[in-house]
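In the text below, chain A, chain B and the rest are named by the order of the sequence lines, each starting its count at 1.
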Number of protein chains: 2
Amino acid sequence: MRTLKHPERADMRLDTVLAALADPIRRHIACRLNENHHDHACVTFELPVSKSTATYHFRTLREAGVIRQEYQGTSIMNSLRKEDLDARFPGLLDAVFAAQRIEGGTAVNTPAAG
Amino acid sequence: MRTLKHPERADMRLDTVLAALADPIRRHIACRLNENHHDHACVTFELPVSKSTATYHFRTLREAGVIRQEYQGTSIMNSLRKEDLDARFPGLLDAVFAAQRIEGGTAVNTPAAG
DNA sequence: CTCGTACTTCGATATTTACCGTACTACCAA
DNA sequence: TTGGTAGTACGGTAAATATCGAAGTACGAG
């Protein structure tokens with residue numbers, strides 16, 4: 001079974017988390033995982049970038065500690081590390097999601113939506 | 001009198017604000033302005049970068065809407081746009097500052113401190 | 001008017017980031 | 001075992017970012 005490396009709670013860095021959430025595509029992924037509480041395969045996000053670029057963004061989020069990625073067969077199930085983030089940086093994630101809602105929804109034009 | 005351009009509340013973008021706060025030097029500036037409530041000239045920050053780089057970071061913060069910069073003679077008085085930010089993205093600034101305190105203080109080694 | 005201070009602007013550079021396509025791996029199902 | 005699906009790794013590129021030093025501007029003090 002393939003496993004992916006995730007930072008411990010204590011190893012999450014504010015720099016990295018903020019940089020991860022500063023990108024609209026990555027914020028879009030995080031917001032969606034926050035809204036739809038069950039896990040999602042990468043492929044279901046329909047991002048406006050190529051597959052390899054999507055991998056890059058998911059990896060950036062995972063390495064920052066924002067999401068958890070676990071193989072399930074050939075897919076990866078993504079979930080938001082909300083409890084860990086809330087423990088490490090209380091209120092940060094909620095403030096970002098609230099801000100995103102205020103600013104106007106999706107943060108990104110998915111190819112399906114455009 | 002020289003004046004500098006600041007975005008209106010409504011024009012503040014989450015992308016830009018998060019990117020501004022993702023950099024440790026800029027977050028250090030913002031944190032200091034939050035702690036010491038009166039204004040500060042750029043020169044008082046003793047950042048570990050050259051003067052022109054400092055200008056660049058202050059400008060980035062100003063253009064994101066995080067700080068206000070107003071000339072006072074040959075100096076610039078910097079202040080945090082806390083009310084505006086709180087109105088636009090409630091809780092975001094406080095969450096970032098709290099996270100910074102949790103992670104361990106200064107976010108940056110000033111040359112004086114190192 | 002001259003000088004020093006505080007900051008900006010410009011041009012250059014190094015590094016990082018976002019992005020792509022191709023080739024690859026791992027797994028499941030037939 | 002053959003094929004399809006989901007995602008990774010790699011090599012490359014374009015753009016953005018962070019950095020510097022040198023030269024310039026604006027202002028107050030003397």
Interface residues of residues 55-65 of chain A with DNA chain D (non-hydrogen, below 4.0 angstrom)
A/Thr55

If every non-hydrogen atom of B/Ala95 is compared with every non-hydrogen atom of A/Ala95, which pair is closest and at what distance?
CB-CB, 4.3 Å

Proximal nucleotide (of D/dG7, D/dC20, C/dT8) relative to the B/Tyr71 side chain:
C/dT8

Whole-Å distance separating the CG atom of B/Asn78 from the P atom of C/dA6:
14 Å

Euclidean distance, atom CD of residue A/Gln72 to atom P of C/dC28 [Å, nearest integer]
10 Å

Residues two or more places apart in sequence or in another chain: which of them pass salt bridge (Lys or Arg N to Asp or Glu O under 4.0 Å) with A/Arg59?
none

Taking all non-hydrogen atoms of both residues, which atom of B/Pro7 and which atom of B/Ala64 are closest, and how far apart?
CG-C, 4.1 Å

Residues in side-chain hydrogen bond (donor to acceptor under 3.5 Å, both in side chains) with B/Ser52, at least two apart?
B/Ser50

Could you work out, with salt bridge (Lys or Arg N to Asp or Glu O under 4.0 Å) as the rule, every residue matching A/Arg9, not counting sequence neighbours?
A/Asp84

In whole angstrom, give the distance that lies between atom CG of B/Leu18 and atom C1' of C/dT17.
17 Å

What nucleotide, of C/dC19, D/dA18, D/dA6, holds the atom closest to the side chain of A/Ser75?
D/dA6

Starting from C1' on C/dC7, measure out to CZ on B/Arg2 and report it in whole angstrom.
7 Å

On DNA chain C, does the nearest nucleotide to A/Thr53 precede the nearest nucleotide to A/Thr74 from the 5' side, or the other way round? Give the residue.
A/Thr53

Going by side chain to side chain contact (heavy atoms under 4.5 Å, CB included), name the residues that satisfy it together with A/Thr74, two or more places apart in sequence or in a different chain.
none

Which part of the nucleic acid does B/Ala41 contact within heavy-atom distance under 4.0 Å: base, sugar-phosphate only, or nothing?
sugar-phosphate

Atom pair distance, as rounded to whole Å: CD1 in A/Ile67 and P in D/dG7
11 Å

Smallest heavy-atom separation, B/Glu103 atom then A/Leu14 atom, equals OE2-N, 2.6 Å

Applying side-chain contact (heavy atoms from CB on, under 4.5 Å) between A/Val66 and each of A/Leu61, A/Val96, A/Leu33, report the one that passes.
A/Leu61

Same apolar cluster: B/Leu18 and B/Phe97, side chain cutoff 4.5 Å:
yes

Distance test, side-chain N/O of A/Ser50 to OP1/OP2 of C/dC20, below 4.0 Å:
yes

What's touching nucleotides 22-24 of chain C from the protein side, N or O pairs under 3.5 Å?
none

